[in-house]
Protein chains: 2
Amino acid sequence: MPNIKKVAEHAGVSIATVSRVLNGQKTVSPQTRIKVEKAIKQLNYEPSILGRNLRNSETRLLLVLIPNISNPFYSKIINGIENTALISNYNILLCETDSNPEREKIYFDLARKKMADGIISMDPQVDKETLIEMAEKHSIIQCSEYTLNSSIPYVTIDNENAAYLAVKHLLSLGHSKIAFINSDVKFTYARQREAGYKRALDEAGIDAKSDWIYYSQELDFVNGQQAMKKFLNLDEKITAIFAVSDLLAIGALKEINNNKLSVPDDIAVVGFDKIEFSNMTNPTLTTIEQPMYKMGNIAAKMIIEKIQGKEVENVILDHELVIRESTLG
Amino acid sequence: MPNIKKVAEHAGVSIATVSRVLNGQKTVSPQTRIKVEKAIKQLNYEPSILGRNLRNSETRLLLVLIPNISNPFYSKIINGIENTALISNYNILLCETDSNPEREKIYFDLARKKMADGIISMDPQVDKETLIEMAEKHSIIQCSEYTLNSSIPYVTIDNENAAYLAVKHLLSLGHSKIAFINSDVKFTYARQREAGYKRALDEAGIDAKSDWIYYSQELDFVNGQQAMKKFLNLDEKITAIFAVSDLLAIGALKEINNNKLSVPDDIAVVGFDKIEFSNMTNPTLTTIEQPMYKMGNIAAKMIIEKIQGKEVENVILDHELVIRESTLG
DNA sequence: GTGAAAGCGCTAACAT
DNA sequence: ATGTTAGCGCTTTCAC
């Protein structure tokens, strides 16, 4: 494999000049540039980025921490991150933690060892103390899920108001027995959405029964089905469901169908995220739209600015209620 | 930031000794090892991987080329790749090409510049000539989609027989007017599956009408819907659909529902891949199961062995027909 | 068992 | 406009 030195010799110039040509500096005469470019072609030379990385102590890699890539919510955000990162010549180091602290450690070590220039954390399971400690020496931003009272910048939505909006919608349709499929309240977003749910019921003068809230440890379809099974066994029948994620809502919807009940006639359902599949169910799913792609764009912009040493402000993106068949009629 | 030299000074040993301790070599006396470890702790030292990368000319990064991460087929495979890669201390550089040659070039350049030790290509749109040329100097394997008559190792399934199996199933249910939603025949898998479709019809003495095949440029739900719209407008009504991907099949299913037709009574539907969504539709989708996760595992194993200079054999994984409601009764 | 020193491939400060 | 040189942080060969 030819290196910069070989190219320099072949072109009859110094390695500094070759480097200048490679980096497009203007202080090279046209003739010299041509000589060098010819040598590069002839030797089929490709500059190794490893030398540059060491010299510049950067890798232009962004570590992206997610629990699971199979969740469409995250894959859409990653899509947004990548498209924006590429423009600034950054690439993505994909890190699925699988909610496993050992995996998390592996990835944080990668950052500690300077294999990545910055971290975008989307993992709600992330160890907050480690994250805060890492943030002292490394560029970190949080996306979607964030840590209250830390100084780590984040981009997210207004979870409480979004949940409030969803439940208000159900209330406006005349529902009063509204169940809620939440995830673990150790997550900021889960607490905030629960607050929104409760506030809406509260304002309507409805006493939220503890039976009406199901705390799911995971976010797969099957968990939504489990939640629904529990709700269907309640003595006092609920007439509406609000789920903290579309995947859960779709699982619930499926379970309702399996029980020969009708959505929305027997039970209305509202999800959260507006993943693409939510428009393919039968009936289609009413949901809160989160701008996942845009959130990814902004997360990428933020982390790049942070790496460049700039100040970055937190960003709260808009959400929107998308009314579809699962709450119609 | 402390470096290896600082640690050496602080511990009163040479740089070489610190390096030995870092790499767990046995030729270090226990006392020295303790001294060094103490210094590492006290200085809060983290070895930079950049120096090692340069020295060893490796990054332990695997470039994973996919068209789009939002397709659950790919995210599941990536899941499998990552879990296996991690065990061997490799990480994943995520590369979404968006079927854009410019993007592809960016990523190939990353490999040329030695930012990755190997490439797993899952992108059917990949430029075959570039890929073959790259394979001369770099470790490459193909996953799922592959290039016929090239020497690039691959892991995939038997597409022709899988499609044949799907169509045979429909035939056995008495269907004779079976439409096929394919993707572009410039892809190996599309040609193979079409061959399987045609072979099954042929054996049944059925003349496959050209109207019965829809070639979709993309693989989103909406493309399945478009295909179905076309089929529904045919003079001679078809009674069954086989789609080359679950996403397309689900789109078709939705369109059938939208037209107040019943699946499977009016039209039976078979998909391909067995993505998780396929069990959440109403009715649930009959589909060909591909072992995505396992395919990822094997792809990772193969590329790592290739990087180590070992010979690797092509792998053809098993597929299976999963009969569900969309072809029941 | 340990240290000195070369060198991986590159960039940039400095010199000319 | 171009060359010389130091050095980024590490591993490894060779000496002792």
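We name chains A, B, ... by the order of the sequence lines, and we start the count at 1 in each one.
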- Note on the structure: Quick note, Q25(A) side chain, CB onward, closest among dC14(D), dG9(D), dA12(C) is dA12(C)
- Rounded to the nearest angstrom, tell me the gap between atom CD in E46(A) and atom P in dC8(C). 19 Å
- Message: Classify N56(B) by what it touches in the nucleic acid, base, sugar-phosphate, or nothing, heavy-atom distance under 4.0 Å.
- Response: sugar-phosphate
- Measure the distance from CZ on R52(B) to P on dC8(D) and round it to the nearest whole Å. 18 Å
- Item | Sidechain-backbone polar pair: N91(B) side chain, L61(B) backbone, donor-acceptor under 3.5 Å | no
- Message: For a quick test of reading the model, state the closest non-hydrogen atom pair linking V126(A) to Q142(A) and the distance between them.
- Response: CG1-NE2, 4.4 Å
- Given atom CD1 of I4(A) and atom C1' of dA12(C), what is their separation to the nearest angstrom? 12 Å
- To the nearest angstrom, the CD1-P distance between I15(A) and dG3(D) comes to 11 Å
- With a non-hydrogen cut-off below 4.0 angstrom, is L54(B) in contact with a base, only sugar-phosphate, or nothing? base
- Message: By nearest atom, which of the nucleotides dG9(D), dT12(D), dT2(C) is closest to the S48(B) side chain?
- Response: dG9(D)
- Choose from dT11(C), dG3(D), dC10(D) the nucleotide whose nearest atom is closest to any side-chain atom of V13(A). dG3(D)
- Task: Starting from C1' on dG9(D), measure out to CD on E9(B) and report it in whole angstrom.
- Result: 14 Å
- Distance in angstrom units between N3(B) CG and dT11(D) P, rounded: 12 Å
- Which part of the nucleic acid does S19(A) contact within heavy-atom distance under 4.0 Å: base, sugar-phosphate only, or nothing? base
- Item | Distance test, side-chain N/O of S14(A) to OP1/OP2 of dG3(D), below 4.0 Å | yes
- Message: Minimum heavy-atom separation for C143(A) and I120(A), please, with both atom names.
- Response: CB-CG2, 3.9 Å
- Query: If you find the nucleotide of DNA chain D closest to T17(B) and the one closest to L50(B), which residue's nucleotide is nearer the 5' end?
  - Reply: L50(B)
- Query: Would you say E305(B)'s side chain and K310(B)'s backbone share a donor-acceptor pair under 3.5 angstrom?
  - Reply: no
- Considering all heavy atoms, the nearest I78(B)-M122(B) contact: CG1-CE, 3.9 Å
- Task: Find the distance L22(B):CG to dT12(D):C1' and express it as a whole number of Å.
- Result: 14 Å
- Indicate, with a heavy-atom threshold strictly under 4.0 Å, whether N23(B) touches base, sugar-phosphate, or nothing. sugar-phosphate
- Message: Under 4.0 Å, counting only non-hydrogen atoms across every strand here, what does I49(A) touch: a base, just sugar-phosphate, or nothing?
- Response: nothing
- When you check the phosphate oxygens OP1 and OP2 of dT2(C), does a side-chain N or O of T27(B) lie under 4.0 Å from one of them? no
- Query: Between M1(A) and P30(B), who's closer to the 5' end of DNA chain C by nearest nucleotide?
  - Reply: P30(B)
- Note on the structure: Of dT2(D), dA12(C), dT2(C), the nucleotide closest to the side chain of S29(B) is dT2(C)
- In whole angstrom, what separates Q31(B)'s CD from dG1(C)'s P? 10 Å
- Message: Can you tell me whether the side chain of R55(B) and the base of dG9(C) have a donor-acceptor pair closer than 3.5 Å?
- Response: no
- Task: Decide if atom NZ of K128(B) counts as having more than 12 heavy atoms of other residues, nucleotides or ligands within a radius under 6.0 Å.
- Result: yes
